[in-house]
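Computation of the quantities below employed the complete heavy-atom set of this structure, encompassing side-chain atoms and omitting hydrogens, waters and symmetry-equivalent molecules.
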Amino acid sequence: MNKNQKYVITINRELGSGGRTIGRKLAEKLNVPFYDKALINELKAKFNLDTEQIEKVKSGKGNWWREFINAAAFMGQNMNEMWYYERMVSSDGYLVTSSDMFKVEKEILENVAAEESCIIAGRSGFSVFANHPNHLSIFIQAPLEHRIQRIMGKQNLNHEEAEKVIKKVDQMRENYVKKYTGTSRYDTRNYDIVFNMEGKTEDEVVDMILAYIG
């Protein structure tokens with residue numbers, strides 16, 4: 001990846017691994033915007049986007065994408081990822097979505113990345129930008145107990161509740177990725193770098209990524 005040209009960094013991560021924090025801190029270090037899937041879905045609702053609306057936006061001459069990005073920056077300050085999952089995940093562990101919704105999300109992500117360099121955290125980023133000419137794909141994982149302890153602290157859950165949430169979200173993300181990309185999010189061939197967070201802090205991993213990209 002050449003950071004002197006327009007680029008996109010995608011971060012896929014296990015819930016409770018600290019991957020979202022890493023993405024946000026990395027974006028701050030690189031002075032580029034940070035987006036995650038929860039935020040993108042809220043913005044879809046805010047702007048009432050569907051596939052037809054996306055085509056109108058793409059053919060327009062206005063500054064719609066800039067407005068979108070500014071709204072994202074504002075909304076990102078108050079997003080609660082767990083609230084998003086609780087609302088969007090069905091009882092069988094599948095994300096409540098559709099092929100049309102996935103297409104809209106994909107086009108939003110592609111247009112955001114075309115606007116400027118950015119970091120995107122989300123389940124299918126590695127696939128959406130697989131053919132991007134200047135893309136770095138990262139996967140962040142951690143041992144289950146590490147993840148449980150982190151979710152317990154962040155969401156004020158007991159051990160059993162935190163483990164249940166993690167397993168449900170793991171299944172949801174894997175189902176989603178397999179459905180829309182035809183591969184597993186655990187297949188390391190999808191990524192340029194994979195980090196195991198055991199014994200590492202978020203800041204240490206951010207520094208490793210910065211050293212990698214030079």
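Shown here is E204, whose CD atom has more than 12 heavy atoms of other residues, nucleotides or ligands within 6.0 Å.
The salt bridge (charged side-chain N to carboxylate O under 4.0 Å, His left out) test with D203 is passed by exactly one of K25, K29, R24: K25. No option in K179, R173, Q171 other than Q171 meets the side chain to side chain donor-acceptor pair (under 3.5 Å) test with N175.
F129 approaches H135 most closely through the heavy-atom pair O-ND1, 2.8 Å. Listed here is the closest heavy atom pair of Y35 and E116: OH-OE2, 4.4 Å. Nearest approach of M197 to A142, heavy atoms of both residues: CB-CB, 3.9 Å. Nearest heavy atom pair, residue E161 against residue N158, reads N-OD1, 2.7 Å. In terms of heavy-atom proximity, R147 sits nearest to L15 at NE-O, 2.7 Å. The two residues P33 and S117 have their closest heavy-atom pair at CD-O, 3.2 Å.
For N12 (side chain) and G122 (main-chain N/O), a donor-acceptor pair under 3.5 Å exists by modelled atom type. For D192 (side chain) and S137 (main-chain N/O), a donor-acceptor pair under 3.5 Å exists by modelled atom type. The backbone N or O of S184 lies less than 3.5 Å from no partner atom in the side chain of D187, so there is not a single donor-acceptor pair. Checking side-chain atoms of K6 against main-chain N and O of A114 turns up a donor-acceptor pair under 3.5 Å.
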Going through the checks in order, is the side chain to side chain contact (heavy atoms under 4.5 Å, CB included) test met by F126 and V177? CA-CA 10 Å; F126 69 87; V177 169; 3.8 Å; yes
Let's go through I213 and L30 carefully: what are the C-alpha distance in whole Å and the side-chain angles of both, what is the deciding distance for side chain to side chain contact (heavy atoms under 4.5 Å, CB included) to 0.1 Å, and is it a yes or a no? CA-CA 11 Å; I213 63 180; L30 293 170; 4.1 Å; yes
Derivation of the side-chain hydrogen bond (donor to acceptor under 3.5 Å, both in side chains) call for H159 and E145: CA-CA 9 Å; H159 193 281; E145 189 58 34; 3.1 Å; yes
Would you check, one step at a time, whether the test salt bridge (charged side-chain N to carboxylate O under 4.0 Å, His left out) holds for E202 with R150? CA-CA 12 Å; E202 288 90 349; R150 183 179 174 88; 2.6 Å; yes
As a quick check of understanding, evaluate side chain to side chain contact (heavy atoms under 4.5 Å, CB included) for Y7 and H132, giving each step before the final call. CA-CA 8 Å; Y7 62 82; H132 190 283; 5.5 Å; no
Steps toward side chain to side chain contact (heavy atoms under 4.5 Å, CB included) verdict (R13, F195): CA-CA 9 Å; R13 78 281 188 203; F195 288 100; over 6 Å; no
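Within the 4.5 Å cutoff, the side chain of V165 has no heavy atoms near those of the Q155 side chain. Contact of the E110 side chain with the K106 side chain is registered, since non-hydrogen atoms from C-beta on lie closer than 4.5 Å.
Residues D170 and R185 are paired through a salt bridge, judged by an N-O separation under 4.0 Å between the basic side chain and the carboxylate. A salt bridge between E160 and K164 is absent, with no side-chain N of the basic residue lying under 4.0 Å from a carboxylate O of the acidic one.
Between atom CD1 of residue I119 and atom CD1 of residue I138 there is a gap of 7.5 Å, rounded to the nearest 0.5 Å. To the nearest 0.5 Å, atoms OG1 (T188) and CD1 (I193) are separated by 13.0 Å. For the atom pair L109 CG and T10 OG1, the distance stands at 10.0 Å (nearest 0.5 Å). How far CD1 of I22 is from CD1 of I11: 7.0 Å, rounded to the nearest 0.5 Å. Here the straight-line distance linking atom CG of L210 with atom NZ of K3 works out to 7.0 Å at 0.5 Å rounding. With rounding to the nearest 0.5 angstrom, the CZ atom of R20 is 5.5 Å from the CZ atom of F34.
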